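Single-structure report; data block below.
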Amino acid sequence: MKNIRNFCIIAHIDHGKSTLADRLLEFTGTITDREKKDQLLDSMDLERERGITIKSHAIQMDYTHNGEQYILNLIDTPGHVDFSYEVSRSIAACEGALLIVDAAQSIQAQTISNLYLALENDLEIIPILNKVDLPSANPEEVTDDIVDLLGCAPEDVIHASGKTGFGVENILEAIIARIPAPKGDPDAPLQALIFDSVYNSYRGIETYFRVFNGEIKKGQRIKFIATNKEYIADEVGTLKLEQVVKKSVKTGDVGYLVTGIKTAKEVKVGDTITDAANPTKESIVGFENVKPMVFAGIYPVDTEDYEELRYSMEKLQLNDASLVFVPESSAALGFGFRCGFLGMLHMEIIQERLEREFNMTVITTVPNVSYHAYTKKNPNEILLLNNPTDLPDPSRLDRVEEPFIKASIITKSDFVGQVMSLCIEKRGEITNQTYLTTERVELTFDMPLAEIVFDFYDRLKTVSKGYASFDYSPIGMRESKLVRVDLLLNGTPVDALSALLHADNAYSIGKRIVEKLKELLPRQQFDIPIQAAIGAKIIARETTKALRKDVTAKCYGGDISRKRKLLEKQKKGKKRMRQVGNVEIPQEAFMAVLKLN
Ligand code: GTP
């Protein structure tokens, strides 16, 4: 145990976490050149393409230092705010963290939020100034920033480059010298923390854990405390590049477990594994059920594909327990599902996986957050609204609450004004403003989560010319003046286009949605009136004009081979388009509310 070190790498997105992890794996001989792929830890295709780590994984390295053999367990953490709960459990499985800071970008919002998580878990922090090879690197200044943030000595900051491999040996030595060995009692009842799980279509769910006390043995009868279920440990082992089967995994170590569990729902990140016959009295603290933050409808483009969509979603859920869905029906779109996601990125990933892995063509409707409504009749009973169409009639409504977040934004002082205006426009209230240095400011706001869902990131990027980083955490529900804005196409309400908006902005946003829809709806043989309404009151109107006859003639007449080409192009890949009444609505129209200028 004294020669084990468990650590994670925390950083703001793109500060070079995955690249540096690869260098550590190479230097310790954990991967050979032949096995080397860029960003080895990102094993899903999708992850590699998007260049972000979606799921966390663990890998064990052997390292000899001064004649002593060490086991270094690196636990990788996802870098996006949608997955912050997984980050927190990975951190809880470690004694130390490498805090990577880009030598050109310096400290950013997620550097700080991840650092706080690590400090809450009493981790030893090893600060690393990364990308020192960059011509734009600012090593002295950024080192000062780190020293200010951590209260460490400048000599504690290790200079490194994931690109050239500079500093990697120093990092390994610091891991051994500064990060404490795990504590724990090998003779106590088993107590292990689940920090991740992965779906394998042959073996079922593989559970990743860190043993705090006791050991976990092959063939042992084990119990998951939060779900209160018992299993046999069919296989246990440690995680090298491949899994290494072992008879047992002991106190302080990190490993995997196969129990024949088939669905991700049974394995909850943060749960504690113990011995069924001799259980531990305490579970490891910090377990939470992850809650979806963003909801949207997913509908098949072809109504006949509904059953196939259900099958695909069930399959997806087997390996992504954070995806939740219930059947719903929409007057406009027919049968589909209301789905809950961890955030907008998670939503995009699910949609993409449905298309790639299951060959489904789907329409995703306007995303919304989850509201609480209270009726006059039952003012104490929460009505959970995951769909704007469920909002009770205003005459019956007592009040509505919406989720709020604490948003933290780090930007250059030049952009403070613009960032503040944006946040205020987004109904934010400033709660703090701290100058990290003379040029860099941290702003904190209380803001409605819904405003983050609606095109916040893009706007922030624009107003700050890219010099702003952003992070948030939920702070609970607050009462809010919300109204439902309905959209009518050709006089017919399209329920899937409805959105809940704050009463103060409803008119102006309703007007902008209508204008945007006019741009997005393809012209047809007739005029299409587009209207926004609150209750019976129309608040905005535009018209998509009919195609003129001669234009059509030009388009479809002419030489036959061109026409055939066109037809073939249309056949290839169903268009993401739904017919509602006699109006064709393309996928983008459902997202219009997110893309208002
Ligand atoms: P996430 O996993 O998405 O959080 O990002 P990350 O922190 O792992 O960053 P990643 O390793 O993907 O690196 C981000 C970008 O920086 C990539 O384009 C890398 O090639 C580049 N990069 C990483 N380390 C270095 C470095 O030391 N020097 C230079 N010049 N570029 C680097």
Side-chain angles (χ1 to χ4, degrees), residues 7-27 30-31 36-59 74-91 94 97-115 117-118 125-139 142-143 146 157-172 174 195-196 342-346 348-349 352 410 457 461 466 469-472:
F7 69 101
C8 56
I9 306 182
I10 53 181
H12 188 73
I13 197 150
D14 279 344
H15 282 198
K17 197 177 66 182
S18 303
T19 310
L20 198 73
D22 284 354
R23 294 294 93 77
L24 294 176
L25 297 180
E26 278 163 37
F27 196 90
T30 314
I31 46 170
K36 200 163 90 187
K37 274 194 236 147
D38 269 344
Q39 303 207 353
L40 196 93
L41 292 182
D42 296 349
S43 59
M44 276 163 74
D45 272 2
L46 209 67
E47 290 186 28
R48 200 167 297 136
E49 271 171 38
R50 285 171 174 262
I52 45 164
T53 312
I54 295 164
K55 288 292 274 177
S56 41
H57 306 270
I59 193 158
L74 163 60
I75 296 176
D76 196 29
T77 55
H80 194 275
V81 55
D82 281 9
F83 305 99
S84 59
Y85 176 69
E86 292 187 14
V87 179
S88 85
R89 294 304 83 202
S90 304
I91 284 177
C94 301
L98 309 182
L99 178 74
I100 297 190
V101 180
D102 185 315
Q105 303 284 325
S106 193
I107 291 154
Q108 298 293 344
Q110 281 155 281
T111 319
I112 297 189
S113 58
N114 285 324
L115 172 66
L117 275 178
I125 310 291
I126 300 179
I128 294 171
L129 182 78
N130 193 32
K131 306 198 189 181
V132 292
D133 64 286
L134 280 179
S136 55
N138 236 329
V142 178
T143 301
I146 297 174
V157 181
I158 301 175
H159 291 216
S161 161
K163 187 167 177 190
T164 65
F166 173 78
V168 167
E169 193 166 6
N170 289 341
I171 295 175
L172 287 164
F195 63 83
D196 198 9
L342 298 177
M344 292 297 279
L345 176 69
H346 188 215
E348 275 175 48
I349 290 168
E352 237 172 279
I410 296 182
Y457 290 99
K461 229 190 268 166
S469 60
F470 169 64
D471 199 30
Y472 70 83

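Since the structure is predicted, the reported quantities are computational estimates derived from the model, not experimental observations. Just follow the structure's listing: the first ligand is 1, and inside any ligand the first atom is 1. Sequential numbering from 1 along the given sequence is applied to the chain's residues.
Counting atoms of ligand 1 from 1 in the listed order, those under 4.0 Å from a heavy atom of T19 are 10 (P), 11 (O), 13 (O), 19 (C), 23 (C), 24 (N). Near L134, the atoms of ligand 1 lying under 4.0 angstrom from a non-hydrogen atom of the residue are 30 (N). Counting atoms of ligand 1 from 1 in the listed order, those under 4.0 Å from a heavy atom of S18 are 2 (O), 6 (P), 8 (O), 11 (O). Taking a cut-off of under 4.0 Å to the non-hydrogen atoms of G162, the atoms of ligand 1 that pass are 26 (C), 27 (O). Counting atoms of ligand 1 from 1 in the listed order, those under 4.0 Å from a heavy atom of N130 are 24 (N), 27 (O).
Closest non-hydrogen pair, S161 versus L20, comes out as C-CD1, 4.4 Å. Smallest separation of non-hydrogen atoms from I410 and Q108: CD1-C, 3.7 Å. Taking both residues in full, the closest heavy atoms of E26 and R23 are given as OE2-NH2, 3.1 Å, listed atom of the first, atom of the second, then distance.
With V101 as the partner, the side chain to side chain contact (heavy atoms under 4.5 Å, CB included) test is satisfied by one option alone out of I128, V157, V142: V142.
At a heavy-atom cutoff of 4.0 Å, ligand 1 is contacted by the side chain of D133 but not by its backbone. Residue K163 touches ligand 1 through backbone and side chain together, judged by heavy-atom distances below 4.0 Å.
At least one donor-acceptor pair under 3.5 Å links the side chain of H12 to the backbone N or O of Q110. Of the possible polar contacts, one joining the N130 side chain to the G162 backbone as a donor-acceptor pair under 3.5 Å is found.
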